[in-house]
Amino acid sequence: MSFDRALRCRECGREYPLAPVFSCEFCFGPLEVAYDYDAMRGRVTRESIAAGPATLWRYADLLPCDPEYRVDIGTGFTPLQRADRLAAAVGLRTLWLKNDTVNPTWSFKDRVVSVAIARARQFGFEVIACASTGNLANAVCAHAARAGMDVFVFIPDDLEHGKVVGSAVYHPTLVMVDGTYDDVNRLCTEVSQSYPWAFVNINVRPYYAEGSRTLGFEVAEQLGWRAPEACVVPMASGSLFTKIHKGLTEFAALGLIDEPGTRMFGAQAEGCSPITTAHRAGTLNFVPQKPNTIARSLAIGNPADGYYALKTMAETEGGAEMATDEEIVDGIRLLAETEGIFAETAGGVTVACLRKLVASGAIAPDEETVAFITGAGLKTVEAVAGRVADPLRVPARTEVFAEALAERRGQAAAPAGAGGR
Ligand SMILES: *Cc1c(COP(=O)(O)O)cnc(C)c1O
Ligand SMILES: [Zn+2]
C-alpha cells in the first residue's frame, strides 16, 4: 500500500490534497509528496522489501501511487557493480557503478516514468505527455505503449538520432520544437493548461520526481543495508541528485540503515553548468545558461531543482564539477575500456567529473564512492563514433590478415586516442 499523505510546499510548508498540481498557490514554491513515516515504521522493513519483485516495485510501499495502476516493463533493481579497474584509473580505493543503462529504454528515466504514469492512471488521465531532452520521451513512449495510452512527447529539434528514433518507434505524436529544452518546457507548461493531459514532468512532477529515490534505496540495499560515503550524480534539472539523497535519508528515518553521512557530488557539462557554476561562486542562486554541449540529456539551462541541489551539496559537504566535451568523450571511453559499460554522454560527464573530483582532493582516495551511470551509449553513438580505433580492414585471406596485424602492432606503441589520458 501507499503511505502518501499530502502534497507539501517546499518553501512555506502549506499542504494540499494529492492532486495533479505542482506549485503552491500562496508562494509558487514547488510541491513535494509527504508521507506518513510513522505508519510506515515497522511495516516497511528490510524483509518486506526483500520479499518484493526484482524491479523498482519492491519499493511500492515507499512510492506515491497505488501499485494496482503500475505499468511494469521491468524497470529498476539494476546492477551495482564494483569497479576496481576504473577505481585504479581515477585514484580511488573503492568505487561502485550504479548501472542504469540496462533499464527497458536504457536510461534511469524509466524510474520516474513508472511512478508518474501509475499516478496519472490513478488520477484518471487517458493521455500522457512530457517535455524531454530525449531519454524521458523514450521512457514515456514505451510505458504509454504498454498501457495503451495516447502519448504526446515534445523534444528540441537538435537531439541525437538514436533518441528521436527511440521515441518514434513506439508511435507517439512526436513534437520537435525549434528551440532549446527550456523553450520546450515553456511551451509544454502552457499546453498543459489547455489540454487534459498528464505531463509527467509538469503537472504530475511531484510524483514523477519521487521515482528517482529508488536509486538511493537500491544502492543502500545492494551495499548490504548501508549508505556509501560519496555519490557522484549527473545533473540536468537537479532533481535526481536531490532525490537520491532523500532516499538514503528516508531509509535512515525508517531504521533500515544508519544515518547516511553521504557526501553528494554533482556532475555537469561545462557547456551547460548553471548548478556547478553557482556552487563555485558560493551561492544557492544559479544564473540560467544557454546550453552548448554534446551532453544533450543534461542540457537544461534553467534547472527547476537547481536551488535544492545546491542546498543538498551544502548540507552534505559535497560539491560539484564540470567536464568539457573532450573530457566527456574520454570519460565514455575510459568507462567502456575499464568496466565494460558503454554509457551515453551523461555517463561520460559523470566519469570525467569523478576523475576531476578525486584529482582535486574533493573526494579522498579512501572514500567509498558510488557513480551513477544513467543512460546507455548506443543512444549517443555520434559522440564517440569518430573517436574510436579504426577496424583492421582485410579480405578473407589469412596472409593479408597477418600482414595487417603486424602493421597494427607496429603502431601499437601509440594506441589510437591515447592522447586524452
Ligand atoms: C534526465 C537525465 C539526468 C538528470 O536528470 P535530472 O533529474 O533532471 O537532473 C541524468 N542522466 C540522464 C541520462 C538523463 O536522461
Ligand atoms: Zn508555499
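Computation of the quantities below employed the complete heavy-atom set of this structure, encompassing side-chain atoms and omitting hydrogens, waters and symmetry-equivalent molecules. Not measured: the values here are computed from a predicted model.
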Tell me, do [X] and [Y] make a side-chain contact under 4.5 Å, heavy atoms counted?
X	Y	result
V127	M149	no
S212	L240	yes
V358	L354	yes
E368	R93	no
Y207	L63	no
F22	I202	yes
L62	M40	yes
T101	F342	no

Without swapping roles, check the side chain of [X] against the backbone of [Y] for a donor-acceptor pair under 3.5 Å.
X	Y	value
T277	P274	no
R146	H143	no
N203	W197	yes
E11	P30	no
S48	V44	no
T262	P228	yes
T324	E327	yes

Is atom [atom1] of [X] surrounded by more than 12 heavy atoms (other residues, nucleotides or ligands) closer than 6.0 Å?
X	atom1	result
D157	CG	yes
D366	CG	yes
E382	CD	yes
Y37	OH	yes
R8	CZ	no

Just how far is it from atom [atom1] of [X] to atom [atom2] of [Y], taken to the nearest 0.5 Å?
X	Y	atom1	atom2	value
D61	S2	CG	OG	8.0 Å
T45	L254	OG1	CG	10.0 Å
N135	R296	CG	CZ	13.0 Å
N292	C272	CG	SG	9.5 Å
T293	M322	OG1	CE	11.5 Å

Legend entry - Criterion side-chain contact (heavy atoms from CB on, under 4.5 Å) on M1 and F3, from CA distance to verdict: CA-CA 7 Å; M1 67 173 283; F3 294 88; 3.8 Å; yes

Legend entry - Contacts of type side chain to side chain contact (heavy atoms under 4.5 Å, CB included), residue H279, not counting sequence neighbours: L310, M313, A320

Note: [X]-[Y] ion pair, threshold 4.0 Å (strictly below):
X	Y	value
R213	E250	yes
E337	R85	no
R82	E339	no
K163	E344	yes
R280	E321	yes
R58	E218	no

Legend entry - Reference residue R263; test side-chain hydrogen bond (donor to acceptor under 3.5 Å, both in side chains); the match among E367, E317, E315: E367

Taking all non-hydrogen atoms of both residues, which atom of [X] and which atom of [Y] are closest, and how far apart?
X	Y	result
I257	R226	CG2-N, 3.7 Å
C130	C188	O-SG, 4.1 Å
A131	L136	O-CD2, 3.6 Å
S297	T133	O-OG1, 3.1 Å
G179	P156	O-CB, 3.3 Å
T345	I332	CA-CD1, 3.8 Å

Side-chain donor-acceptor contact under 3.5 Å, [X] with [Y]:
X	Y	value
K109	N138	no
T105	D110	yes
N103	D100	yes
K98	Q81	no
Y35	E210	yes
T78	R111	yes

Inset, instruction - Could you walk me through whether I117 and V200 pass side-chain contact (heavy atoms from CB on, under 4.5 Å), step by step? - result: CA-CA 7 Å; I117 199 168; V200 297; 5.6 Å; no

Inset, instruction - Go through the structure and list residues passing salt bridge (Lys or Arg N to Asp or Glu O under 4.0 Å) with R119, not counting sequence neighbours. - result: D4

Legend entry - Partners meeting salt bridge (Lys or Arg N to Asp or Glu O under 4.0 Å) with D305 (sequence neighbours left out): R10, R205

Inset, instruction - For ring-ring contact (aromatic ring centres under 6.0 Å, His included), just list the numbers for F372 and F265, CA-CA rounded to whole Å, side-chain angles, deciding distance to a tenth of an Å, and then say yes or no. - result: CA-CA 11 Å; F372 290 79; F265 293 89; over 10 Å; no

Legend entry - Reference residue F217; test ring-ring contact (aromatic ring centres under 6.0 Å, His included); the match among W57, F77, Y59, W225: Y59

Inset, instruction - In sequence, state the C-alpha distance, the side-chain angles, and the governing distance for V115 and Y208, and then conclude on side-chain contact (heavy atoms from CB on, under 4.5 Å). - result: CA-CA 6 Å; V115 176; Y208 154 98; over 6 Å; no

Inset, instruction - Would you please test I155 and V177 for side-chain contact (heavy atoms from CB on, under 4.5 Å) and show each step? - result: CA-CA 6 Å; I155 55 175; V177 180; over 6 Å; no

